[in-house]
Each structure stands twice: as C-alpha cells, then as structure tokens.
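One structure is given here, and the rest of the page talks about it.
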Amino acid sequence: MQVFILKNYEEMSREAALEVKDRLLKKPNLVMGLATGSTPLGLYKELIRLHKDEGLSFKHVVTFNLDEYLGIAQDHEQSYFRFMRENLFKHLDINIKNVHVPNGMAKPCDIDEYCDWYESRIKKFGGIDLQVLGIGRDGHIGFNEPGSSLGSRTRVKTLTEETIQDNSRFFKDQSEVPTYSITMGVGTVMEAKEIILLANGKSKANVISITIEGGVTAQVTASVLQLHRRVNVFLDEEAASLLKRKQYYNFVAKATRKFEKMARAK
Ligand code: GLP
C-alpha cells in the first residue's frame with residue numbers, strides 16, 4: 001500500500017485523477033472499476049475537466065460499478081446508475097454500451113445467475129485494470145459490510161444499520177433506504193490489477209487508521225487491501241489525522257516521485 005496525504009479534498013481528487021490519466025494514456029481501452037458516494041465526486045469532476053480541456057478520451061474505456069441498491073430502477077433519483085450518468089458518464093465520450101452498473105431490478109429468483117453474469121462480463125473484458133474505491137465508516141468497500149467473506153464474489157448483501165443511516169441523507173426518509181444491495185465481492189475487488197482508495201474528512205480518520213495500520217480482518221473489509229500488490233491510497237489531511245506513521249508515508253511519497261522522475265529521465 002502506498003499512502004499519499006494531500007492538503008485537502010481538491011488536491012486529493014487531482015492526484016487520483018492524474019493516476020487515472022496516466023493509466024488511460026498507457027491503455028486507451030482501460031477497464032475501470034468505479035465507485036459511488038460523495039468521495040469520488042471530485043475525482044470525477046477532474047476527469048471531466050481533463051476530457052474537456054485536454055481531450056483525454058474515454059471512447060474505448062469499459063467500466064464496472066461496484067454496487068447498486070436492490071429494488072431501485074435505473075431512473076430512480078437515488079440509483080447508482082443515475083448517479084454515475086449524471087456525475088460522470090454523460091460528460092465524457094464514453095460508449096454507454098461499455099458501461100456496467102449492477103441491475104437493481106434483477107429479480108430475486110434470478111439474482112444468483114445475474115451476479116454470475118456480472119462476474120463473467122468482467123472476465124470477458126480481461127478483468128479490471130484500475131479499481132476506484134471509497135470507504136464506508138464501518139470499513140466497507142462496495143457494500144461489503146463487516147463480516148463479508150474476504151473471498152466473496154458479486155452477490156446480494158444486506159446493509160448495516162450504520163450504512164442505512166449514513167446513506168439516508170440522500171433519501172427523503174430513512175425508511176426509503178433499501179435494505180439490500182448487489183455488490184461486487186471483496187474477492188472480485190482484490191482481482192483488480194491496481195486499486196485507488198480515496199478517503200477525506202474527519203469522519204473517515206478512524207476507519208482509515210484501522211484499514212492501513214490495523215490487522216487484516218473481515219470486520220473491516222477494506223483492511224484486506226493490505227494484501228494487494230498495487231494499492232494507492234489518496235487521503236486528505238483530516239482522513240489521515242489518526243495515522244501513526246504519517247511522516248514515513250510522506251517521506252516515501254517524496255522518494256517515490258523522485259525515483260519516478262529519475263526513471264523517466266533515462
Ligand atoms: C456507499 C457505497 C460505497 C462508498 C460509501 C462511502 O455505501 N456503496 O462504495 O464508498 O458509500 O460513501 P461516501 O463517499 O459518501 O462517504
């Protein structure tokens with residue numbers, strides 16, 4: 001895991017966008033895993049800017065979203081499909097046929113088959129090259145709530161009361177927040193070739209310190225990222241505030257940039 005601590009949310013978003021840009025320039029048909037929530041909004045805004053101002057093209061990009069609420073149709077105000085369309089897809093030159101968000105209206109009796117299909121579709125495109133993740137206050141990635149198997153695949157997951165409460169800010173009433181979701185599994189996420197984890201704000205400081213400096217446990221599903229070969233964590237100062245080895249991460253970040261410069265010069 002490499003940890004980058006940026007001054008604020010805007011810088012965090014810009015740094016993450018630069019990484020996406022770099023990978024996209026190397027592989028125009030990049031397969032991206034995408035997340036919803038308020039955290040990646042700044043990254044998406046920056047990607048839109050790079051597309052508009054610098055001509056960064058998403059024409060051949062394929063995307064797979066992590067999750068969707070079960071029982072919510074694509075055009076529902078709070079569907080993750082709609083979130084992605086409004087906050088990213090409609091502003092890019094992406095081919096909508098290459099966009100995948102789990103179908104919240106999949107029938108309960110067909111759900112296992114549907115989840116297998118989602119997994120096979122990821123495989124068909126050669127797997128996810130770059131996965132973007134946010135993190136819930138309870139350490140969930142996607143909707144992999146505490147206790148999710150670290151080897152889990154795309155499936156139905158029941159949300160915790162904490163997540164329902166956190167996400168109720170987007171709904172008129174807490175009772176409207178769905179109880180179930182379809183989410184990629186922890187095992188699915190771990191197969192991505194590279195992962196970006198984003199977190200900002202004080203409310204994420206505790207879970208970030210446990211995720212990065214605690215033990216690997218299914219009680220904090222994000223902690224399994226410690227076992228992945230290529231994870232870059234982008235944090236603002238508030239989210240990083242409880243990390244014990246902050247100075248070391250900053251030292252490594254500086255040294256890495258220097259090393260990359262040297263490698264480019266040769
Ligand atoms: C939801 C999503 C997660 C996201 C989390 C955090 O539960 N399923 O993918 O990481 O929210 O949201 P926020 O970024 O708004 O804190």
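Residue indices begin at 1 and follow the sequence shown. Whatever order the structure lists ligands and atoms in, that order sets their numbers, starting from 1.
- A side chain to side chain contact (heavy atoms under 4.5 Å, CB included) with Lys204 is found for one member of Thr211, Ile135, Leu198 and no other, namely Ile135.
- Of all protein heavy atoms, the one lying nearest to atom 1 (C) of ligand 1 is Tyr80 OH, 3.6 Å.
- Those atoms of ligand 1 with a heavy atom of Phe143 less than 4.0 angstrom away are 1 (C), 7 (O), 8 (N).
- Of the protein's non-hydrogen atoms, the one nearest atom 16 (O) of ligand 1 is Lys204 NZ, 2.6 Å.
- The cationic group of Arg245 lies under 6.0 Å from the six-membered ring centre of Tyr248 and within 45° of the ring axis, placing it in a cation-pi geometry.
- Taking a cut-off of under 4.0 Å to the non-hydrogen atoms of Gly134, the atoms of ligand 1 that pass are 10 (O).
- Near Asn167, with a cut-off below 4.0 Å to any heavy atom, the atoms of ligand 1 are 1 (C), 7 (O).
- Met105 places none of its side-chain heavy atoms less than 4.5 Å from the side chain of Ser79.
- Atom 8 (N) of ligand 1 has as its closest protein heavy atom Asp67 OD2, 2.7 Å.
- Shown in contact with Thr39 at under 4.0 Å from a heavy atom are these atoms of ligand 1, numbered in order with element: 13 (P), 14 (O), 16 (O).
- Here Phe58 and Phe89 keep their ring centres 6.0 angstrom or further from each other.
- Using a cut-off of 4.0 Å between Lys/Arg side-chain N and Asp/Glu carboxylate O, Lys21 and Glu54 are scored as salt-bridged.
- Summary of contacts: the protein heavy atom closest to atom 6 (C) of ligand 1 is Ile135 O, 3.5 Å.
- Below 3.5 Å of separation, one finds no N or O of Leu66 facing any N or O of ligand 1.
- Among the atoms of Ser38, some N or O lies under 3.5 angstrom from an N or O of ligand 1.
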Checklist entry - Between Met12 and Leu235, is a side-chain contact (heavy atoms from CB on, under 4.5 Å) present by the stated rule, with each step listed? => result CA-CA 6 Å; Met12 177 197 85; Leu235 306 171; 5.6 Å; no
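- Among protein heavy atoms, the minimum distance from atom 5 (C) of ligand 1 is reached at His140 NE2, 3.7 Å.
- Of the protein's non-hydrogen atoms, Gly142 O, 3.6 Å is the one closest to atom 9 (O) of ligand 1.
- The side-chain heavy atoms of Thr221 and Pro146, taken from C-beta on, include no pair separated by under 4.5 Å.
- At a 4.0 Å heavy-atom cut-off, ligand 1 does not touch Phe83 at all.
- Between Glu19 and Leu130 the shortest heavy-atom distance is OE2-CD1, 4.1 Å.
- Residue-to-ligand polar distances keep Thr36 apart from ligand 1: every N/O pair is separated by 3.5 Å or more.
- Regarding atom 12 (O) of ligand 1, its nearest protein heavy-atom neighbour is Gly37 CA, 3.9 Å.
- Between the side chains of Arg121 and His100, at least one donor N or O sits under 3.5 Å from an acceptor N or O.
- For the ring pair (Phe, Tyr, Trp, His ring centres under 6.0 Å) test, residues two or more places apart in sequence or in another chain that qualify with Phe234 are Phe4.
- Looking at Gln131, Glu119, Arg155 one by one, the single match for side chain to side chain donor-acceptor pair (under 3.5 Å) with Thr188 turns out to be Glu119.
- The shortest heavy-atom distance from Arg169 to ligand 1 is under 4.0 Å.
- Checked by distance only, ligand 1 and Phe170 stay at 3.5 Å or farther apart across all their nitrogen or oxygen atoms.
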